[in-house]
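Just so you know, these numbers use all the heavy atoms, side chains as well, and skip hydrogens, waters and symmetry mates. Numbering starts at 1 and runs along the sequence shown.
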Amino acid sequence: MNQPTKRPFFKRRLESDNGWGYAFIAVALVVFALFTAYPVASAFIISFQDYKPLGSAFTGFDNYTETFKDALFWKSIRNTIVYTVLTVPVALLLSFAVAILILPLKKWLQTTFKAVYYLPAVASGVALSVVWLWMFDPMESGIFNRLLGLFGVHNQNWLGSGSTAMFSLVLMAWLSSHGTSIIIYLAALLGIDTSYYEAADLDGATFLQKLRYIVVPCLKPTTLFLLVTGVIGSFQVFQNAYLMTGGGPDNATTMVGLLIFNNAFKYFEFGKAAAQSLILAALIAVVALIQFKFFGKEVEY
């Protein structure tokens, strides 16, 4: 009798219930392993070395010790926290307000406004920075100095003065694109059951009462998500400080991300930069856990 041919192991696994699932996520897993897991593991190893391309020496915890003793590192942490505290809450409030204003519009108008607000997100960051540099021009040609001139205020060196440089980056964040947050808020608003509003109308609720007792509670998961991702993004801010001020003047706008970049690619202290990046990752994780603990208690998913 002819015995049945045994199929290869890989083919049997592929034809199983979970086989095709693993096949479809294989590409994503490979990309994750190459561009996320491997770099993180390499950074962890390099953080304990005096790294050089042609030979590295193990230094133990020296890079971490030097980092914690570095006054500039703590200043960059303080600058990053200040930037985060000033930008993230305002960005959430503005995004929420714009989404509320767009909600009553017709469908085609909603689509138009969403496209307009999201358009800057796909524009080149360098091109946008050039526009902002023109707006912050310390001469009379600068947009903001022209506005101040209307009130008799002298020209300000927005990006070159220690007293205004950080505020300039914060103002840039306030007035920059909030398109992603607006679209997410608008989608969450459209997902609220209309029966809640109908019941509120029967009870004679005002707009502010609907906002307080219906909209805000229903949007808690969305707000928590945007808060956590916004804080993570602001802790990793690099482009604005690098292109607008370079971290100056006198390191007044040096963020942690910019400091790590300078240590790695300007001073070639790769071990120290790797240690600082891991410290930043740990700090972000702690802040995220704190946010989930204090703001996620009453959130229902």
Next on the checklist: Run Ile182 and Leu94 through side chain to side chain contact (heavy atoms under 4.5 Å, CB included) and show every step you take.
Outcome noted: CA-CA 9 Å; Ile182 292 172; Leu94 289 175; over 6 Å; no

With distance as the sole test, does [X] use its side chain to make a donor-acceptor pair with the main-chain N or O of [Y] at under 3.5 Å?
| X | Y | answer |
| --- | --- | --- |
| Ser95 | Leu92 | no |
| Thr36 | Ala33 | no |
| Ser161 | Asn157 | no |
| Asp203 | Ala205 | no |
| Asp70 | Leu72 | yes |
| Asn145 | Asn155 | no |
| Trp174 | Leu86 | yes |
| Glu140 | Arg146 | no |

Is it the case that over 12 heavy atoms from other parts of the model lie below 6.0 angstrom from the [atom1] atom of [X]?
| X | atom1 | value |
| --- | --- | --- |
| Phe261 | CZ | yes |
| Phe48 | CZ | yes |
| Phe73 | CZ | yes |
| Trp134 | CH2 | no |
| Tyr213 | OH | no |

[X] to [Y] - nearest heavy-atom pair and separation:
| X | Y | result |
| --- | --- | --- |
| Pro120 | Leu128 | O-CD1, 3.6 Å |
| Leu243 | Gly125 | CD1-O, 4.1 Å |
| Pro249 | Leu159 | CD-O, 3.7 Å |
| Leu34 | Pro39 | O-CD, 3.3 Å |
| Ala264 | Phe270 | O-CE2, 3.2 Å |
| Met166 | Thr253 | N-CG2, 3.7 Å |

Within the 4.5 Å heavy-atom criterion, are [X] and [Y] side-chain neighbours or not?
| X | Y | result |
| --- | --- | --- |
| Asp201 | Lys210 | yes |
| Leu133 | Met244 | yes |
| Leu169 | Met255 | yes |
| Lys75 | Thr254 | no |
| Phe68 | Trp74 | yes |
| Leu211 | Ile100 | yes |
| Trp158 | Pro138 | no |
| Tyr117 | Ile183 | no |

Hydrophobic cluster membership, [X] vs [Y], 4.5 Å side-chain cutoff:
| X | Y | answer |
| --- | --- | --- |
| Tyr64 | Leu280 | yes |
| Phe96 | Leu226 | yes |
| Val215 | Leu101 | no |
| Phe238 | Tyr267 | no |
| Phe225 | Val216 | no |

Approximate separation, where rounding is to 0.5 Å, of [X] [atom1] and [Y] [atom2]:
| X | Y | atom1 | atom2 | result |
| --- | --- | --- | --- | --- |
| Ser277 | Asn263 | OG | CG | 10.5 Å |
| Ile81 | Ser76 | CD1 | OG | 9.5 Å |
| Trp108 | Phe113 | CH2 | CZ | 8.5 Å |
| Ile279 | Ser47 | CD1 | OG | 9.0 Å |
| Ser56 | Lys52 | OG | NZ | 7.5 Å |
| Ile143 | Leu148 | CD1 | CG | 11.5 Å |

Checklist entry - What's the verdict on side chain to side chain contact (heavy atoms under 4.5 Å, CB included) for Gln110 and Leu190, showing C-alpha distance, side-chain angles and the deciding distance? => result CA-CA 11 Å; Gln110 289 184 10; Leu190 292 172; 4.1 Å; yes

Item to check | Aromatic centroids of Tyr83 and Phe235 separated by under 6.0 Å | outcome: no

Item to check | Partner of Leu189 by side chain to side chain contact (heavy atoms under 4.5 Å, CB included), out of Ile184, Leu219, Ile102, Thr222 | outcome: Leu219

Next on the checklist: With side chain to side chain contact (heavy atoms under 4.5 Å, CB included) as the test, pick out the partner of Gln276 among Asn63, Leu259, Val256.
Outcome noted: Leu259

Item to check | Trp132/Leu175 under side chain to side chain contact (heavy atoms under 4.5 Å, CB included): CA gap, chis, key distance, verdict | outcome: CA-CA 10 Å; Trp132 279 101; Leu175 301 179; 3.6 Å; yes

Next on the checklist: Go through it in stages, so that I can follow the logic: the residues are Tyr185 and Thr223, the test is side-chain hydrogen bond (donor to acceptor under 3.5 Å, both in side chains), and I'd like the CA-CA distance, side-chain angles, deciding distance and then a yes or no.
Outcome noted: CA-CA 8 Å; Tyr185 261 135; Thr223 301; 2.9 Å; yes

Next on the checklist: Between Val98 and His178, does the side chain to side chain contact (heavy atoms under 4.5 Å, CB included) criterion hold? Intermediate values first, please.
Outcome noted: CA-CA 9 Å; Val98 173; His178 303 296; over 6 Å; no

Next on the checklist: Does Thr59 form a side-chain hydrogen bond (donor to acceptor under 3.5 Å, both in side chains) with Asp62? I'd like the steps, not just the answer.
Outcome noted: CA-CA 6 Å; Thr59 59; Asp62 289 353; 4.7 Å; no

Item to check | Polar side chain donor-acceptor pair, Tyr242 to Ser129, under 3.5 angstrom | outcome: no

